[in-house]
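When a residue number appears, it is its place in the shown sequence, counting from 1.
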Amino acid sequence: MPIVTWDGSLAVGHEMIDQHHEHLVELLNRTYDEFCDRKSRQSLEAVLDELIDYATYHFAQEEVLMAQVEFPATEEHVGEHAFFIRRIGEIQKEFLSGTGAISLEIITFLKDWLVNHISQKDTQLGDYANARQGKPVIIDLD
């Protein structure tokens with residue numbers, strides 16, 4: 001059972017961002033399923049690694065987009081990305097060292113952060129990027 005359902009409510013209206021977010025939601029749901037199914041430590045480690053790698057890739061792509069469209073809230077948005085990467089890195093480090101475990105509290109933090117970030121910050125970015133990258137309307141009078 002997914003912890004987050006990908007549906008139109010999370011779409012920001014920018015094709016690249018939405019495709020990335022859908023994949024992040026899939027990875028978060030796999031992490032949750034691995035946790036609920038009490039899969040092996042190695043299995044949980046692998047999906048957590050994939051989630052971190054993909055989030056890092058996605059954030060980098062969003063940051064390229066922000067530069068391309070000269071997004072005015074870039075600094076704040078990049079700061080949120082840095083916070084998430086730092087926090088999930090701490091979670092991973094504690095998990096790998098055996099001083100921490102993946103818990104429902106951690107998975108809920110990841111879910112809440114992702115859903116809130118998408119619905120607030122990424123929606124602003126998607127709207128702005130679409131407006132800046134919009135194609136001019138060409139009217140053929142022939």
Side-chain angles (χ1 to χ4, degrees), residues 1-140:
M1 176 163 62
I3 192 167
V4 177
T5 302
W6 177 260
D7 59 23
S9 69
L10 289 177
V12 302
H14 188 278
E15 186 177 357
M16 178 199 73
I17 296 172
D18 286 337
Q19 287 174 355
H20 288 192
H21 288 167
E22 185 172 9
H23 188 64
L24 282 169
V25 166
E26 289 171 15
L27 291 171
L28 180 60
N29 284 331
R30 278 186 31 216
T31 304
Y32 178 66
D33 289 344
E34 298 281 323
F35 169 77
C36 289
D37 294 344
R38 300 180 192 268
K39 294 287 185 173
S40 71
R41 182 175 180 80
Q42 293 82 7
S43 181
L44 194 52
E45 181 181 325
V47 73
L48 184 61
D49 286 348
E50 190 176 352
L51 177 63
I52 292 168
D53 288 347
Y54 196 80
T56 302
Y57 163 76
H58 166 65
F59 292 160
Q61 293 301 302
E62 273 191 2
E63 291 166 16
V64 167
L65 176 64
M66 287 182 231
Q68 289 174 345
V69 300
E70 299 175 339
F71 185 55
T74 295
E75 187 176 331
E76 178 185 352
H77 202 119
V78 169
E80 288 200 11
H81 290 170
F83 166 79
F84 183 81
I85 293 298
R86 186 173 49 254
R87 182 64 189 113
I88 200 169
E90 292 167 354
I91 291 166
Q92 182 186 41
K93 182 179 177 183
E94 291 169 2
F95 178 69
L96 293 175
S97 71
T99 61
I102 301 302
S103 65
L104 186 56
E105 180 182 357
I106 287 172
I107 293 171
T108 300
F109 159 76
L110 297 174
K111 176 200 63 112
D112 290 347
W113 189 92
L114 185 63
V115 168
N116 289 331
H117 184 78
I118 290 172
S119 64
Q120 296 171 14
K121 302 301 178 182
D122 286 342
T123 297
Q124 293 171 356
L125 172 59
D127 290 345
Y128 189 84
N130 285 333
R132 293 287 297 221
Q133 294 178 324
K135 297 178 180 156
V137 175
I138 299 172
I139 300 172
D140 186 1

Handout entry: Stepwise side-chain contact (heavy atoms from CB on, under 4.5 Å) test for His77 and Gln124
Key = CA-CA 10 Å; His77 202 119; Gln124 293 171 356; over 6 Å; no
Exercise for the section: Answer yes or no: is there a side-chain heavy-atom contact under 4.5 Å between Ile88 and Leu51? Expected result: yes
Exercise for the section: Check whether the side chains of His81 and His58 place a donor and an acceptor atom closer than 3.5 Å, and report yes or no. Expected result: no
Handout entry: Pairwise distance CG(Leu28) to OH(Tyr32) - rounded to 0.5 angstrom
Key = 10.0 Å
Problem - Positive for side chain to side chain contact (heavy atoms under 4.5 Å, CB included) with Ile3, one of Thr31, Asp33, Asn29 - result: Asn29
Handout entry: Backbone of Ile17 reached by a side-chain donor or acceptor of Asp122 within 3.5 Å
Key = no
Donor-acceptor contacts under 3.5 Å from residues 107-116 side chains, at least two apart:
unit_1: Thr108; atom_1: OG1; unit_2: Leu104; atom_2: O; d: 2.8
unit_1: Asn116; atom_1: ND2; unit_2: Asp112; atom_2: O; d: 3.0

Exercise for the section: Take Thr5 and Leu10, measure what side-chain contact (heavy atoms from CB on, under 4.5 Å) needs, and give me the verdict at the end. Expected result: CA-CA 9 Å; Thr5 302; Leu10 289 177; over 6 Å; no
Problem - Full working for side-chain contact (heavy atoms from CB on, under 4.5 Å) between Val12 and Asp18 - result: CA-CA 6 Å; Val12 302; Asp18 286 337; 3.3 Å; yes
Practice task
Not counting sequence neighbours, list each pair that qualifies as a salt bridge (Lys or Arg N to Asp or Glu O under 4.0 Å) and has a residue in residues 57-79.
Solution key: Glu70-Arg132, Glu76-Lys121
Exercise for the section: Search all heavy atoms of Pro72 against all heavy atoms of Tyr128 and return the closest pair with its distance. Expected result: CD-CZ, 3.5 Å
Exercise for the section: Assess the side chains of Ser9 and Asp7: does a donor N or O sit below 3.5 Å from an acceptor N or O? Expected result: yes
Exercise for the section: Output the distance between atom CZ (Arg87) and atom CD1 (Ile106), rounded to the nearest 0.5 Å. Expected result: 6.0 Å
Practice task
Begin with the C-alpha distance, continue with both residues' side-chain angles, and end with the deciding distance and a verdict on side-chain hydrogen bond (donor to acceptor under 3.5 Å, both in side chains) for Glu80 and His117.
Solution key: CA-CA 8 Å; Glu80 288 200 11; His117 184 78; 2.8 Å; yes
Practice task
Using the salt bridge (charged side-chain N to carboxylate O under 4.0 Å, His left out) rule, take Lys93 and Glu90 through it: C-alpha gap first, then chi angles, then the decisive distance, then the call.
Solution key: CA-CA 5 Å; Lys93 182 179 177 183; Glu90 292 167 354; over 6 Å; no
Problem - Shortest non-hydrogen contact from Thr99 toward Ser97 - result: OG1-OG, 2.9 Å
Handout entry: Which residues share a side-chain contact (heavy atoms from CB on, under 4.5 Å) with Glu15, sequence neighbours left out
Key = Gln19
Completion exercise
d(Asp127 CG, Thr123 OG1) to nearest 0.5 Å is 6.5 Å
Handout entry: Taking every non-hydrogen atom, the tightest pair across Phe84 and Ala55
Key = CE2-CB, 4.1 Å
Handout entry: Tyr54 ring center within less than 6.0 Å of His23 ring center
Key = yes
Exercise for the section: Please round to the nearest 0.5 Å and tell me the distance separating atom CD of Glu105 and atom CD1 of Ile91. Expected result: 9.5 Å
Handout entry: Least distance between heavy atoms, Val25 atom then Trp6 atom
Key = CG2-CE3, 3.9 Å
Exercise for the section: Report the C-alpha separation of Leu65 and His14 in whole Å, then their side-chain angles, then the decisive distance to 0.1 Å, and conclude whether the side-chain contact (heavy atoms from CB on, under 4.5 Å) test is met. Expected result: CA-CA 11 Å; Leu65 176 64; His14 188 278; 3.8 Å; yes
